[in-house]
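Hydrogens, waters and symmetry mates play no part in the numbers below; they use all other heavy atoms, side chains included. When a ligand or atom number is given, it counts from 1 through the structure's own listing order. Remember, predicted model here, so these are calculated numbers, not experimental data.
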Amino acid sequence: MGKRSVSSFLILVVLCSALVAIVGGAYEDEGRRWETGGGAGAGGGEEGGAGMRQGQDQFLLQDSEYVVKTDAGDVRVVRGVGGRFIKSPLHIGFITMEPKSLFIPQYLDSSLVLFVRRGKAKIGHIYKDKLVEKKLETGDIYRIGAGFPFYINNTAEGQRLHIICSIDTSDSLGLQPFQSFYIGGGKYPVSVLSGFDRFTLSMALNVSIVEVEELLSRQMGGPIVFHNVSYSPRTKFLDLENYQKLAEMKRIVHIGKDSEEEEKKQPRWTLRKFLMTYIFGSENEEREDKRGSSDEPDPFNIYDRNPDFKNDYGWSIALDKSDYSPLDDSDLGIFLVNLSAGSMLAPHYNPTATEYGIVLKGTGTIQVVSPDGSLAMNAEVKEGDVFFIPRFFPFCQIASRTGPFEFFGFSSSARNNRPQFLAGDNSILKKLRGPELAKAFGLSEERLDEIVDARSGSTIFPPAIAAQPEAAKIIRTFGNDKITDFN
Ligand SMILES: *[C@@H]1O[C@H](CO)[C@@H](O)[C@H](O)[C@H]1NC(C)=O
Ligand SMILES: *[C@@H]1O[C@H](CO)[C@@H](O)[C@H](O)[C@H]1NC(C)=O
Ligand SMILES: *[C@@H]1O[C@H](CO)[C@@H](O)[C@H](O)[C@H]1NC(C)=O
Ligand SMILES: *[C@@H]1O[C@H](CO)[C@@H](O)[C@H](O)[C@H]1NC(C)=O
């Protein structure tokens with residue numbers, strides 16, 4: 001077991017280091033830059049010493065790609081680490097939507113956990129055969145299951161919408177980072193309905209082939225469109241000529257509703273629901289469903305919650321399924337950490353989870369250690385960078401001295417992860433202290449105690465006293481084996 005897992009970690013490290021392609025992507029928001037790629041993490045090794053420069057940014061996920069890009073918005077995905085030993089990597093998605101834009105109804109082969117980084121949105125999705133609509137705002141967390149149609153409307157006045165999401169690929173078809181199936185669509189994107197031949201569709205919808213053509217030919221604006229978009233230069237969507245046909249279609253689409261039997265047999269969302277809600281707008285009674293049952297999930301605002309840990313140097317929040325049950329369905333946890341300038345999140349490792357972090361604000365350093373006790377990564381990260389911490393690998397984050405360092409992330413387990421700390425009051429060094437550990441370090445118990453007790457406090461530590469030249473000298477000397485007895 002031990003041997004096998006060690007070798008799989010090594011393979012994982014190799015996989016990680018294969019992720020070195022750098023794709024830049026930048027967007028502006030209210031004067032603030034949100035950037036990725038472009039050499040993130042490079043040059044992070046000033047303190048690393050000689051011989052540690054190789055692969056210092058191997059757990060930075062810099063390989064970002066646009067999967068959607070229109071005038072009204074885009075979706076950028078940073079792929080997680082996959083391969084034989086991680087069956088379903090988590091990808092991280094960045095959705096940006098311009099003011100007054102709509103992400104048209106679609107379903108995916110992946111489930112999403114959304115985090116509204118900034119802005120306001122109305123999200124509609126099918127939950128237990130009903131359309132559920134929720135207003136989301138900054139800090140909200142919300143889940144959308146794989147295969148369930150949803151849309152996102154940027155409802156804020158004149159404000160861009162930024163969403164960070166986890167893309168859980170455990171149900172993935174494995175074609176793309178994720179695969180979209182657009183419900184509504186036309187020339188671009190193409191609706192999944194288009195795949196059927198026109199006659200079949202005409203029969204299925206009980207409309208003429210001309211009407212089928214009309215239904216599936218207007219949309220050209222891409223997956224994210226402006227509210228004011230006009231689909232066709234030829235005719236307005238609801239001109240008089242078409243109005244009667246549409247009224248007729250609307251009536252037909254309603255037919256299912258008259259028959260309670262049919263209602264139960266087929267999931268209502270398949271076609272009717274989205275014709276109703278997407279094409280025909282909101283003036284019909286179907287929409288009342290959204291205020292229906294109380295078992296539908298509500299968003300969870302992470303900023304409303306009191307930190308799980310807080311001291312003078314920062315705070316952290318960790319959410320698991322006991323805090324927000326939809327996380328259980330994705331088997332994900334969520335964390336948010338804010339370190340004040342120069343502070344450190346104590347070295348620790350995750351016994352049950354792999355972490356994907358996204359830097360929200362500020363800059364900092366992340367160190368990750370390999371099982372063989374070598375430094376696997378020592379990278380400087382900045383806003384927008386995505387990093388990956390393999391399960392079991394010890395790591396720590398240190399805010400730069402220029403300001404607070406805030407990062408958010410997903411951990412691959414909805415169970416309480418119980419991070420194991422390697423320093424501070426709650427450290428495993430303190431828990432394991434005794435003759436055995438002293439022996440392991442080759443120190444007397446008293447000496448070990450002195451060292452282990454030197455750090456009081458836990459979890460988040462204050463900035464180090466400015467490095468003294470003396471310290472550097474000692475490290476150099478120690479490195480040259482001139483000091484052999486620490487006593
Ligand atoms: C999206 O929201 C805006 C503002 O709330 C609203 O005016 C618009 O009609 C909505 N668009 C759609 C397609 O639902
Ligand atoms: C199909 O549409 C016609 C009118 O175009 C209507 O008379 C008929 O009842 C519809 N059939 C069904 C099954 O909805
Ligand atoms: C629609 O709105 C966008 C941004 O709000 C604007 O740039 C564009 O010119 C508008 N298009 C039309 C056809 O009004
Ligand atoms: C993070 O901490 C800094 C102070 O260290 C504070 O100014 C900032 O508002 C905090 N950020 C959040 C999101 O609370």
Please report which non-hydrogen protein atom sits nearest to atom 7 (O) of ligand 4, along with the residue it belongs to and the distance in Å to one decimal place.
->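 Heavy-atom neighbour on the protein nearest atom 7 (O) of ligand 4: P404 CG, 4.6 Å.
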Tell me: protein heavy atom nearest atom 14 (O) of ligand 4, and distance?
->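 Result for atom 14 (O) of ligand 4: W315 CZ2, 3.3 Å.
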Please check if the distance between the ring centroids of F181 and Y107 is under 6.0 Å.
->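 Distance test on ring centres: under 6.0 Å, yes.
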Any chance the rings of F405 and F407 have centres within less than 6.0 Å?
->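 Here the rings of F407 and F405 have centres that are less than 6.0 Å from each other.
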Mark up the atoms of ligand 4 that fall under 4.0 Å of a heavy atom belonging to E406, in ascending order.
->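 By the 4.0 Å cutoff, the relevant atoms are 13 (C).
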Numbering the atoms of ligand 4 from 1, which are under 4.0 Å from a heavy atom of S340?
->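 That gives atoms 5 (O) of ligand 4.
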Enumerated ligand 1 atoms positioned under 4.0 Å from heavy atoms of N153 |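 Per the distance check, 1 (C), 2 (O), 3 (C), 8 (C), 10 (C), 11 (N), 12 (C), 14 (O).
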Ligand 1 atoms in contact with L102 (distance to a heavy atom under 4.0 Å) |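 Numbered from 1, ligand 1 contributes 13 (C).
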So does [X] have more than 12 non-hydrogen atoms from other groups sitting under 6.0 Å from [atom1]?
X: R198; atom1: CZ; value: yes
X: K120; atom1: NZ; value: no
X: D71; atom1: CG; value: no
X: F199; atom1: CZ; value: no

Does atom 5 (O) of ligand 4 have a protein non-hydrogen atom under 4.0 Å from it?
->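 True for atom 5 (O) of ligand 4.
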Would you indicate which of L205, N206, V207 comes nearest to atom 2 (O) of ligand 2 when only heavy atoms are counted?
->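 Nearest heavy atom to atom 2 (O) of ligand 2 lies in N206.
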Which is closest to atom 12 (C) of ligand 4 by heavy-atom distance: L336, V337, N338?
->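 Looking at heavy atoms only, N338 sits closest to atom 12 (C) of ligand 4.
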With heavy atoms only and a cut-off of under 4.0 Å, state how Y313 meets ligand 4: side chain, backbone, both or neither.
->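 The answer is neither.
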Any salt bridge between K100 and E157, counting N to O under 4.0 Å?
->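 Salt bridge between K100 and E157, a charged N being under 4.0 Å from a carboxylate O: yes.
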Applying the side-chain hydrogen bond (donor to acceptor under 3.5 Å, both in side chains) test to Y151, which of E133, H125, Q106 qualifies?
->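 Only match with Y151 under side-chain hydrogen bond (donor to acceptor under 3.5 Å, both in side chains): E133.
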Could you establish whether H227 and ligand 1 come within less than 4.0 Å of each other, counting only heavy atoms on the residue side?
->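 True for this residue.
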